[in-house]
There are 2 protein chains.
Amino acid sequence: MFLSKSFGYALRGVLYVALLEPKGKKIKIEQIADKLAVPRHFLAKIMKKMVQENILTSTKGPYGGFSLSPITLQTKLLHLVKITDGMEQFNTCVLSLRKCNSKNPCPLHFQMLQIRDGMLAEFSKTSIGDLLDKKNPDFIKSISVI
Amino acid sequence: MFLSKSFGYALRGVLYVALLEPKGKKIKIEQIADKLAVPRHFLAKIMKKMVQENILTSTKGPYGGFSLSPITLQTKLLHLVKITDGMEQFNTCVLSLRKCNSKNPCPLHFQMLQIRDGMLAEFSKTSIGDLLDKKNPDFIKSISVI
DNA sequence: TTCAAAAAAGACATTAATGTCTTTTTTAGT
DNA sequence: ACTAAAAAAGACATTAATGTCTTTTTTGAA
Ligand code: FES
Ligand code: FES
């Protein structure tokens with residue numbers, strides 16, 4: 001309901017790179033997909049989009065893989081949502097009637113506005129770096145299927 | 001993202017019946033689908049589920065159609081969500097990792113908990129009757145595509 | 001320069017949500 | 001009893017999201 005699987009894969013993928021990449025090596029998509037138990041090629045498409053948006057960098061060829069970009073840790077979650085789910089949901093009426101609009105509200109409009117604005121606020125202020133907790137030795141578990 | 005189309009159709013359908021039924025007549029699915037510009041047979045399936053849950057009543061045959069049940073107006077929106085979308089979304093991790101669980105939280109857990117609890121609270125306290133505004137001559141417009 | 005490793009790209013498959021059409025069942029009135 | 005009207009049921013179609021497989025492009029190192 002709230003967010004697509006793609007969004008979850010994107011966030012877990014970038015967090016995995018952020019957690020391990022500082023060791024110096026690039027992270028291969030195969031390793032990410034294996035460790036996170038995510039469909040490899042599906043994840044690859046999502047990672048590619050993140051690279052296009054400069055949320056990650058990647059290099060092809062031997063010793064290649066994914067690594068952080070200068071903006072990775074400052075990237076807001078809303079940017080990931082934009083990439084994976086799009087922003088239409090935030091200004092489309094929950095009853096699928098039309099563009100959501102306070103001048104011409106549906107019966108649920110103001111309730112939904114509050115909920116969506118809460119989510120928008122949270123995702124606008126929270127960055128990928130905010131979610132990364134390198135000090136926690138169990139952090140890797142928190143982004144893996146148990 | 002937030003809710004399915006089915007949910008929107010369900011709410012608009014039941015509000016349409018609640019708005020017009022007190023005139024004494026049963027409301028036919030054909031009329032509802034036409035006036036709300038909703039796929040007729042798809043809506044019919046959703047209406048049937050609401051009847052099974054006693055959120056509406058229906059009678060077959062000539063002069064039949066849909067009408068309110070004793071509990072229609074007291075029905076909480078969460079009941080509609082249960083019918084159309086299910087409740088799993090409220091206790092499944094946003095990262096699709098597993099059952100959502102504060103003892104073993106994913107990096108987004110507490111942010112999502114707040115958002116979801118806000119939505120749960122709103123949908124638990126708001127009833128169909130709360131959304132029905134018979135005094136408003138434009139209410140019908142607010143549940144129709146403009 | 002060739003080779004192998006890796007991401008990128010693209011074709012295709014599966015699944016879940018949404019939508020359409022037809023048949024069956026029920027029922028009010030004649 | 002018969003007929004017609006209406007919901008209910010069910011078969012099938014379309015679409016969007018998710019997932020798999022293969023080919024192409026890029027690149028570092030021998
Ligand atoms: S008009 Fe329906 S949610 Fe805003
Ligand atoms: S554990 Fe992920 S949202 Fe609760």
Side-chain angles (χ1 to χ4, degrees), chain A residues 1-10 12-14 16-17 21 24-34 36-67 69 81 83-86 88-89 92 95-96, chain B residues 1-10 12-14 16-17 21 24-34 36-67 69 81 83-86 88-89 92 95-96:
Chain A
M1 182 201 257
F2 289 92
L3 293 162
S4 69
K5 285 192 176 190
S6 293
F7 170 81
Y9 294 161
R12 291 165 63 200
V14 69
Y16 185 85
V17 174
E21 188 257 1
K25 292 214 200 176
K26 308 285 180 62
I27 313 290
K28 293 194 277 279
I29 186 78
E30 189 169 14
Q31 179 187 353
I32 307 173
D34 282 357
L36 301 184
V38 156
R40 172 182 166 154
H41 298 286
F42 192 52
L43 177 62
K45 288 173 195 170
I46 297 167
M47 299 293 279
K48 182 190 60 173
K49 285 191 201 171
M50 291 198 282
V51 169
Q52 289 168 343
E53 296 280 332
N54 196 33
I55 292 171
L56 286 172
T57 49
S58 66
T59 55
K60 292 180 172 184
Y63 304 88
F66 292 90
S67 51
S69 81
V81 173
I83 291 174
T84 58
D85 299 61
E88 301 73 28
Q89 58 198 315
T92 298
L95 302 185
S96 309
Chain B
M1 181 199 256
F2 289 94
L3 292 162
S4 68
K5 286 193 176 189
S6 292
F7 170 81
Y9 293 162
R12 291 165 64 201
V14 67
Y16 185 86
V17 174
E21 188 257 3
K25 289 214 202 177
K26 308 285 180 63
I27 313 291
K28 293 193 279 278
I29 188 76
E30 190 169 13
Q31 180 188 353
I32 306 172
D34 282 358
L36 301 183
V38 155
R40 172 182 166 154
H41 297 287
F42 191 53
L43 177 62
K45 288 173 193 169
I46 298 167
M47 298 293 279
K48 181 190 62 173
K49 286 191 201 171
M50 291 198 280
V51 168
Q52 288 167 342
E53 296 279 332
N54 197 32
I55 292 171
L56 286 173
T57 49
S58 67
T59 54
K60 292 179 171 184
Y63 304 90
F66 292 90
S67 52
S69 81
V81 174
I83 291 174
T84 58
D85 299 61
E88 301 72 28
Q89 58 197 317
T92 298
L95 303 183
S96 310

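The structure presented is a predicted model; accordingly, all values stated were derived computationally and were not measured. Per chain, numbering begins at 1; letters A, B, ... match sequence-line order.
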Practice prompt. Could you list by number each residue of residues 38-45 of chain B showing a heavy-atom separation from DNA chain C of less than 4.0 Å, or answer none if no residue does?
Written response: B:P39, B:H41, B:F42, B:K45
Fill in: CZ on B:F7 to CD1 on B:I46, rounded to 0.5 Å
11.0 Å
Item to complete: Could you tell me whether B:G61 contacts a base, only the sugar-phosphate backbone, or nothing, with contacts defined as non-hydrogen atoms closer than 4.0 Å?
Response: base
Worksheet item: Nearest-Å distance, NZ (B:K26) to P (D:dA7)?
Response: 10 Å
Worksheet entry | Euclidean distance, atom CD of residue A:E30 to atom P of C:dA5 [Å, nearest integer] | 11 Å
Worksheet item: Roughly, in whole Å, what's the span from CD1 in B:I55 to P in D:dA7?
Response: 18 Å
Response to the item:
B:M50 CE to D:dA8 P, in whole Å, measures 11 Å
Item to complete: Just compare C:dA8, D:dA6, C:dA5 and give me whichever is closest to any side-chain atom of B:K28.
Response: D:dA6
Discussion item. Is the phosphate of D:dA6 approached by B:T59 (side-chain N or O, under 4.0 Å from OP1 or OP2)?
Written reply: no
Worksheet item: B:K60 side chain: which of D:dA9, C:dA9, C:dT25 is closest?
Response: C:dT25
Response to the item:
dist B:S4:OG -> B:Y9:OH (nearest 0.5 Å) comes out at 9.5 Å
Worksheet item: Regarding B:T57 and B:S67, is there a side-chain donor-to-acceptor distance under 3.5 Å anywhere?
Response: yes
Response to the item:
Note: B:N54 and B:S69 closest approach over all heavy atoms is O-OG, 2.6 Å
Worksheet entry | Minimum-distance nucleotide (side-chain atoms of A:F66 versus D:dA4, C:dA8, C:dA9) | C:dA8
Worksheet item: Are B:Y9 and C:dT18 close enough that a side-chain N or O sits under 4.0 Å from OP1 or OP2?
Response: no
Item to complete: Indicate, with a heavy-atom threshold strictly under 4.0 Å, whether A:L56 touches base, sugar-phosphate, or nothing.
Response: nothing
Item to complete: Using atom NZ of B:K5 as one end and atom P of C:dT20 as the other, report the distance to the nearest whole Å.
Response: 10 Å
Worksheet item: To the nearest angstrom, how far is A:I46 atom CD1 from C:dA8 atom P?
Response: 13 Å
Worksheet item: What are the two closest non-hydrogen atoms of B:Q31 and B:Y16, and how far apart are they?
Response: NE2-OH, 2.7 Å
Worksheet, complete the sentence: In short, A:F66 meets A:L56 closest at the heavy-atom pair CD2-CD1, 4.4 Å
Worksheet, complete the sentence: Residues B:K26 and B:T59: closest non-hydrogen pair is NZ-OG1, 3.0 Å
Fill in: Spacing between A:K25 atom NZ and C:dA6 atom C1', to the nearest angstrom
14 Å
Item to complete: In whole angstrom, give the distance that lies between atom OH of B:Y63 and atom C1' of C:dG29.
Response: 7 Å
